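Accompanying notes for the structure given below.
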2 protein chains.
Amino acid sequence: MAKSPNESRAYHHGNLKEALIEAGRQILEEEGLDKLSLRGVARRAGVSQTAPYHHFKDKETLLAAIAQTGFQDLAGAARKALKEGKSPQDQLDRYGAGYVEFAAKHPALFNLMFSGQLSSDKDHTEFLETASVSFELLRQCVAQVLEANGAPPNLTDIRTLSSWSIVHGLATLIIDGRVAPEDYACTSAKDLAAKMLGC
Amino acid sequence: MAKSPNESRAYHHGNLKEALIEAGRQILEEEGLDKLSLRGVARRAGVSQTAPYHHFKDKETLLAAIAQTGFQDLAGAARKALKEGKSPQDQLDRYGAGYVEFAAKHPALFNLMFSGQLSSDKDHTEFLETASVSFELLRQCVAQVLEANGAPPNLTDIRTLSSWSIVHGLATLIIDGRVAPEDYACTSAKDLAAKMLGC
DNA sequence: AAAGTATGTTGACATTGTTAAGATTTGTGT
DNA sequence: ACACAAATCTTAACAATGTCAACATACTTT
């Protein structure tokens, strides 16, 4: 019933869907979004040009699936930050640094994740749910910081947005080449994030 | 020697270069970046498919020129904020609100301006200079706020980056559909920016 | 007016996203 | 086991796009 990755080449290809997502993500990270073509993905996966259409409605749907894997990884980084943080504030700082670090390490993927073309037209409900996980974790983190500081909890919404904005803004500015960590006496995007959040 | 816009149709077309930029910006704002093709721009300008190549090296160069007009407008909004602000802090708040408002009103253009593809490979020096004007204005603004608060001026760099990050982050989150002003009891992106900056 | 340059057009090519039609493999009911 | 439907994959084809080459026309300079 479920796919059996052990049994080599169980079906025509095994599980092409995941192979296409993986191939697409590789091309994306190696060559950028504009070099990512459906045909190129199929080529790397070793199948015909139109094979992907049996697993994805169109190119945008494949992109959404690739972006979804990015959101899963981003949520993983967030969970790690919350686990390793010594205090609510420390958790929040680690969250921000991890967020920016992720963006700097996967610029094309990060841009795709927040490209905005994936949320409007089509379905992508599953994609949107995955995308909201990191945000919910941030929200919990901010709520704890407010509680620890004795601040009213009705500030949670707007403070969460503030925190998200500042780390997301820094991440995009670095990715797009508008800000270089070296200009701020920092050796990495993560360092710059920590420095900025510490002000 | 110089072009004479008065004399109607002075040359073959008058000044195709600016017409192409204008046509491109229209298509960009009406239909989005993925619908913006060189051929489409040429079509709207009423010229042949390859006419743009006599004014722009390639599509990316045209996009850079379009983005440059966006940075000019953004700098105009910034200047207006600095002129109308009653105090350094008020200037800074108006700058942020204007920044987000501009992004919300020109989402596709704003995304293009910060797409990051325009700064790496090619020349685009003129484009980069124009792009840095808004940033310099923000820097002056932040410096005045610090001075008014008696804070040390060596914080200017990092504080400017913080301010830029938070408004830029909010702008992109709104543009990409990750944040809706209505979810924060705001009627516009500008209002949400003001609300957030006031915390 | 001649020559040269700037600007514009037509034609062509490779690449891309996508659809249509057909072939092959897998699962299902008997 | 076997026929049949569903899933999966392939080839062929189409329109659209970015770009180049070759050619034509308009303007400038002398």
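Just so we're clear, the structure is a prediction, and the values are computed from it rather than from any experiment. Note on naming: letters A, B, ... go to the chains in the order of the sequence lines (proteins, then strands), and numbering restarts at 1 for each one.
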Over how many whole Å does the gap from [X] atom [atom1] to [N] atom [atom2] extend?
X: A:Leu62; N: C:dT16; atom1: CG; atom2: P; answer: 15 Å
X: B:His54; N: D:dC23; atom1: NE2; atom2: P; answer: 15 Å
X: B:Leu20; N: D:dG18; atom1: CG; atom2: P; answer: 13 Å
X: A:Leu16; N: D:dA7; atom1: CG; atom2: C1'; answer: 12 Å
X: B:Glu31; N: D:dT17; atom1: CD; atom2: P; answer: 11 Å
X: B:Tyr53; N: D:dA22; atom1: OH; atom2: C1'; answer: 16 Å
X: B:Phe56; N: C:dT7; atom1: CZ; atom2: P; answer: 12 Å
X: B:Lys59; N: D:dT17; atom1: NZ; atom2: C1'; answer: 8 Å

Original post:
Salt-bridged, B:Asp73 to B:Arg25, with N to O below 4.0 Å?
Top reply: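 B:Arg25 and B:Asp73: salt-bridged.
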Could you check whether any side-chain heavy atom of A:Phe56 comes within less than 4.5 Å of a side-chain heavy atom of A:Leu63, counting everything from C-beta outward?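 Side chain of A:Phe56 against side chain of A:Leu63, heavy atoms only: no contact under 4.5 Å found.
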Next item on the list: Classify the side-chain pair A:Asp58/A:Thr61 by whether it contains a donor and acceptor separated by less than 3.5 Å.
Entry: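 A pair is found: one side chain offers a donor N or O, the other an acceptor, under 3.5 Å apart.
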What nucleotide among D:dG18, C:dT9, C:dT18 has an atom nearest to a side-chain atom of B:Ser48?
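Per side-chain heavy atoms of B:Ser48, the pick is C:dT9.
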List every contact pair, protein side and nucleotides 12-16 of chain D side both N or O, where the distance is under 3.5 Å.
none

- [ ] Verify side-chain hydrogen bond (donor to acceptor under 3.5 Å, both in side chains) between A:Glu22 and A:Gln26, making sure each step is shown before the conclusion.
- [x] CA-CA 6 Å; A:Glu22 177 58 24; A:Gln26 284 181 13; 3.2 Å; yes
*Between CZ on residue A:Phe71 and OG on residue A:Ser132, distance to nearest 0.5 Å*: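 A:Phe71 atom CZ to A:Ser132 atom OG measures 9.0 Å (nearest 0.5 Å).
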Which pair of non-hydrogen atoms, one from A:Ile175 and one from A:Ala103, has the smallest distance, and what is that distance?
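The pair with the smallest heavy-atom distance is CD1-O, 3.4 Å.
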